[in-house]
Amino acid sequence: MNVREMSMDECEDLLRRCRYGRLALSYEDRPYVVPMSYVYVDGTVILHSRPSGKKIEIARRNSNVCFEVDELEGQRWRSVILYGKAQLSGSHEAKRRMFDAFMKSGIGGHGGKMFTWEMLERMDMCVWEIKAFEITGREGIW
């Protein structure tokens with residue numbers, strides 16, 4: 001197998017192209033990983049979820065997280081891991097940043113349903129903003 005480190009530009013390109021990744025959290029030496037849709041903007045992964053539940057509880061106790069994306073094209077694979085701290089908010093401003101980022105990227109809803117700002121503004125949600133402090137990537141051919 002031929003493996004190489006990806007450049008920062010290549011890592012960020014993959015983060016911008018992918019639409020789903022895996023959010024990894026940890027509390028008391030117990031890992032927890034969940035797939036989520038996201039947008040990558042200016043060194044930040046932006047996610048949204050319900051305002052309560054297991055991942056929210058874990059992130060409030062330990063905000064150090066990582067986020068992984070990957071792609072496979074034939075025998076060629078790429079994988080990027082972003083490390084950062086999760087900032088959680090249900091504020092109007094956080095919702096607006098998330099809405100604008102998702103709309104600009106072409107992800108405007110879930111399950112075929114497009115959201116308007118008026119709909120989103122009323123939703124009870126938590127916006128996750130994960131500012132990267134480290135990004136690594138590898139690429140290989142099987």
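This structure is a prediction, so every number in the text was calculated from the model and none was measured. Here, residue 1 is the first one in the sequence, and each next residue gets the next number.
Hydrophobic cluster membership differs between Ile141 and Met6, with clusters built from Ile, Leu, Val, Met, Phe, Trp and Tyr side chains linked at under 4.5 angstrom. Met36 and Ile81 are members of different hydrophobic clusters when ILVMFWY side chains are connected at heavy-atom separations under 4.5 Å. If you chain together hydrophobic residues whose side chains sit under 4.5 Å apart, Ile58 and Val33 never meet in one group. Val65 and Val45 end up in the same hydrophobic cluster when Ile, Leu, Val, Met, Phe, Trp and Tyr side chains are linked at under 4.5 Å. Tyr32 and Val69 fall within a single hydrophobic cluster, where Ile, Leu, Val, Met, Phe, Trp and Tyr are joined by side-chain heavy atoms under 4.5 Å apart, directly or via other members.
In this structure, Arg78 does not pair ionically with Glu10, as no charged nitrogen and carboxylate oxygen lie closer than 4.0 Å. Looking at Arg17 and Asp13, a side-chain N of the basic residue comes within less than 4.0 Å of a carboxylate O on the acidic one, giving a salt bridge.
Residues Leu23 and Tyr38 form no side-chain contact, since every pair of their non-hydrogen atoms from C-beta on lies 4.5 Å or further apart. Counting heavy atoms from C-beta outward, Asn64 and Tyr83 have side chains that stay 4.5 Å or more apart. Residues Ile56 and Trp128 are in side-chain contact: their nearest non-hydrogen atoms beyond the backbone lie under 4.5 Å apart. Side-chain contact between Asp70 and Arg22 is present, with at least one heavy-atom pair separated by less than 4.5 Å. Side-chain contact between Asp100 and Val41: absent, with no pair of heavy atoms (C-beta onward) separated by less than 4.5 Å. In this structure, the side chains of Val3 and Trp77 come closer than 4.5 Å at one or more pairs of heavy atoms. Residues Leu25 and Asn62 have side chains not in contact (no heavy-atom distance under 4.5 Å, counting atoms from C-beta outward).
In terms of heavy-atom proximity, Ala101 sits nearest to Ile46 at CB-CD1, 3.9 Å. The minimum heavy-atom distance between Cys11 and Ile135, with the atom names listed, is CB-CG2, 3.7 Å. The heavy-atom pair separating Leu47 from Ser37 by the smallest distance is CD2-O, 3.4 Å. Looking at every heavy atom in both residues, Ala86 comes nearest to Ile130 through CA-CG1, 4.1 Å. Across every non-hydrogen atom of Glu68 and Ser79, the tightest pair is OE2-OG, 3.1 Å. Heavy-atom minimum distance, Asp9 versus Arg16: O-NH2, 4.5 Å.
Of the possible polar contacts, none joining the Lys95 side chain to the Ser89 backbone as a donor-acceptor pair under 3.5 Å is found.
For Glu129, the side-chain hydrogen bond (donor to acceptor under 3.5 Å, both in side chains) partners at least two apart in sequence or on another chain are Arg97. Looking at residues two or more places apart in sequence or on another chain, you find no ring-ring contact (aromatic ring centres under 6.0 Å, His included) involving Tyr40.
Once rounded to the nearest 0.5 Å, the distance linking SG of Cys126 with NZ of Lys55 reads 9.5 Å. Atoms NZ and OH, on Lys54 and Tyr27 in that order, are 12.5 Å from each other to the nearest 0.5 Å. Taking NE2 of His48 as the reference point, atom CE of Met125 lies at 5.5 Å (rounded to 0.5 Å).
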>> side-chain contact (heavy atoms from CB on, under 4.5 Å) for Glu5 and Arg138? Distances and angles first, verdict last.
In response: CA-CA 5 Å; Glu5 297 294 319; Arg138 295 176 60 159; 3.7 Å; yes
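Open room surrounds CD on Gln87; 12 or fewer heavy atoms of other groups in view lie less than 6.0 Å from it.
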